[in-house]
Amino acid sequence: MPYNILIVDDSGSMRKVIKKILHISGFKMGECLEACNGREALEVLENNWVDLILSDIHMPEMDGFGLLRALREKDGWSDLPVVLITTESNEDRIREAMSLGARGYVRKPFRPEEIRAYLHQIMGDTDGYQVATGDEECDF
């Protein structure tokens, strides 16, 4: 089943890279939507069905933490899987994101096969894929 994905990152080039890596990885995508910050992501969610959010943490206007808080407060969005794709290395910040409802995180940079395996696990569609821990040093 293809998944509708929302990529949230303030860098347009990073959104394109993530989209390309998802395509290369073979992860089954339906519609791929984009937002440049958490506030814009909420607007996209108002008008579109999304199965999975891939979000950066560090963004202007509304960061990834603000997005996670807003999702938690809205009926129908509180169970929406959010995976952080970030350069954040502070473990306390990662734990905070997980406590706010993030399902996982992947550290940039990463390889296509790792993101595919990780997203299949998050979506409950493992099909024998290995799970990426996010701790490996990877190139994309």
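Hydrogens, waters and symmetry mates play no part in the numbers below; they use all other heavy atoms, side chains included.
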ILVMFWY network linking M14 to V106, side-chain heavy atoms under 4.5 angstrom:
yes
List in chain and number order the residues that pass side chain to side chain donor-acceptor pair (under 3.5 Å) with D92, two or more places apart in sequence or in another chain; answer none if no residue qualifies.
R95
Closest approach of V44 and A35, non-hydrogen atoms and distance?
CG2-CB, 4.4 Å
Point-to-point distance, once rounded to the nearest 0.5 Å, from CD of E91 to CE of M98
10.5 Å
Could you check whether any side-chain heavy atom of L45 comes within less than 4.5 Å of a side-chain heavy atom of I53, counting everything from C-beta outward?
yes
Validation row: L54, I18 side chains within 4.5 angstrom (heavy atoms):
yes
CD1 of I21 to NZ of K16, rounded to nearest 0.5 Å, is 14.5 Å
Contacts of K19 that satisfy side chain to side chain contact (heavy atoms under 4.5 Å, CB included) - sequence neighbours left out
I7, C32, E34
For the residue pair I5 and L33, establish whether any side-chain heavy-atom pair is separated by less than 4.5 Å.
no
Closest non-hydrogen atoms of L68 and G101, given as atom of the first, atom of the second and distance, are CD2-C, 4.2 Å
Side chain to side chain donor-acceptor pair (under 3.5 Å) partners of residues 62-74, not counting sequence neighbours, each pair once
R69-E96
Identify the heavy atoms of L52 and V50 that sit nearest to each other, and give their distance.
O-CG1, 3.2 Å
Pairwise side-chain contact, D51 with M123, heavy-atom cut-off 4.5 Å (strictly under):
yes
Anything under 3.5 Å between a donor and an acceptor, one on a side chain of residues 77-87, the other on a protein residue two or more places apart or in another chain? List them.
from : atom 1 : to  : atom 2 : distance (Å)
T86  : OG1    : E88 : N      : 3.0

What is the minimum heavy-atom distance between L42 and A70, and which atoms define it?
CD1-CB, 3.7 Å
Quick one: which residue pairs count as a salt bridge (Lys or Arg N to Asp or Glu O under 4.0 Å) with a foot in residues 35-45, not counting sequence neighbours?
R39-E61
Pairwise side-chain contact, R15 with C36, heavy-atom cut-off 4.5 Å (strictly under):
yes
Look only at the side chain of R116 and the backbone of G26, and say whether a donor-acceptor pair between them is shorter than 3.5 Å.
no
According to side chain to side chain donor-acceptor pair (under 3.5 Å), who are the partners of R93, at least two apart in sequence or on a separate chain?
none
Got a second to check how far D9's CG is from D56's CG, nearest 0.5 Å?
4.0 Å
Do I115 and L22 touch side chain to side chain, with heavy atoms closer than 4.5 Å?
yes
Provide the full list of ring-ring contact (aromatic ring centres under 6.0 Å, His included) pairs with a residue in residues 32-70, sequence neighbours left out, each pair given once.
none
Does anything in residues 23-47 pair up under ring-ring contact (aromatic ring centres under 6.0 Å, His included), and if so which pairs, sequence neighbours excluded?
Y3-F27, F27-H120
Taking all non-hydrogen atoms of both residues into account, name the closest pair between S25 and P112 and its distance.
CB-O, 3.2 Å
Nearest 0.5 angstrom please: I94 CD1 to S99 OG, how far?
11.0 Å
Provide the closest heavy-atom pair for G38 versus L67 in the form atom of the first, atom of the second, distance.
O-CD1, 3.8 Å
